[in-house]
Amino acid sequence: MDILEKIQPIFRDVFDDETIVVHEGTKAADIQDWDSFAQIQIVTGIEALFHIKFSTDEVTGFENVGNVVDAIKRHIG
């Protein structure tokens with residue numbers, strides 16, 4: 001299972017929408033309820049799933065889901 005498949009349920013849970021499908025190009029503007037609170041929930045869920053901790057600089061640099069996937073890859077090697 002690739003990283004996108006693993007994080008997909010987090011987005012569906014945060015936005016309470018089983019139809020959401022994120023891609024590497026998906027950005028906050030693409031999902032209506034993606035605000036700062038949702039961002040925190042997404043980041044926290046991903047950190048728990050992969051047992052990693054993003055830095056503040058990493059999180060503020062996330063422009064799209066692809067950036068998140070790349071950061072996960074850096075953390076898990």
Side-chain angles (χ1 to χ4, degrees):
M1 180 181 288
D2 73 359
I3 291 174
L4 269 176
E5 289 177 54
K6 288 183 179 180
I7 65 174
Q8 185 70 59
I10 294 169
F11 286 86
R12 289 180 176 168
D13 183 52
V14 168
F15 298 110
D16 194 26
D17 183 347
E18 290 299 314
T19 66
I20 288 179
V21 177
V22 294
H23 306 281
E24 292 204 6
T26 303
K27 52 191 178 299
D30 297 329
I31 300 176
Q32 182 178 355
D33 295 328
W34 192 337
D35 56 15
S36 58
F37 182 66
Q39 179 82 359
I40 292 167
Q41 291 178 296
I42 293 164
V43 167
T44 303
I46 290 171
E47 289 176 332
L49 178 65
F50 290 97
H51 306 288
I52 59 176
K53 181 72 175 152
F54 295 122
S55 70
T56 302
D57 287 343
E58 283 177 308
V59 174
T60 57
F62 292 157
E63 295 178 5
N64 56 41
V65 174
N67 295 151
V68 177
V69 169
D70 290 342
I72 294 167
K73 288 178 181 175
R74 284 193 300 275
H75 280 272
I76 64 175

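Heavy-atom basis, side chains included; hydrogens, waters and symmetry copies ignored. What you see is a predicted model; the values in this text were computed from it and never measured.
Summarising the geometry, atom CD1 belonging to Ile10 is positioned 11.5 Å from atom CZ belonging to Phe15; distances are rounded to the nearest 0.5 Å. Annotation: the span from Asp33 atom CG to Asp17 atom CG amounts to 9.0 Å, rounded to 0.5 Å. The distance from the CD atom of Glu47 to the NZ atom of Lys53 is 4.0 Å, given to the nearest 0.5 Å. A distance of 7.5 Å separates CD1 in Ile52 from CD1 in Ile46, rounded to the nearest 0.5 Å. If you take CD1 on Ile7 and CG on Asp13, they are separated by 13.5 Å, rounding to the nearest 0.5 Å. In this structure, the separation between NE2 on His51 and CG on Leu49 is 7.0 Å, given to the nearest 0.5 Å.
The neighbour count for Glu5 CD, taken as heavy atoms of other residues, nucleotides or ligands under 6.0 Å away, is above 12. Remark: Glu24 CD is packed, more than 12 non-hydrogen atoms of other residues, nucleotides or ligands lying under 6.0 Å away. When the shell of 6.0 Å around CG of Asp2 is examined, it contains more than 12 heavy atoms from other residues, nucleotides or ligands.
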Is there a side chain to side chain contact (heavy atoms under 4.5 Å, CB included) between Gln39 and Val59? Walk through the geometry before answering.
CA-CA 9 Å; Gln39 179 82 359; Val59 174; 4.2 Å; yes
Using the side chain to side chain contact (heavy atoms under 4.5 Å, CB included) rule, take Val22 and Gln8 through it: C-alpha gap first, then chi angles, then the decisive distance, then the call.
CA-CA 7 Å; Val22 294; Gln8 185 70 59; 3.6 Å; yes
Can you list the steps and then say if Phe11 with Thr26 is a side chain to side chain contact (heavy atoms under 4.5 Å, CB included)?
CA-CA 11 Å; Phe11 286 86; Thr26 303; over 6 Å; no
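Residues that satisfy the salt bridge (Lys or Arg N to Asp or Glu O under 4.0 Å) test with Arg74, not counting sequence neighbours, are Glu58.
The aromatic rings of Phe54 and His75 sit perpendicular, their planes meeting at an angle over 60°, well past the 30° parallel limit.
Note on Ile76: it clusters hydrophobically with Val69, by side-chain heavy-atom contacts below 4.5 Å among ILVMFWY residues.
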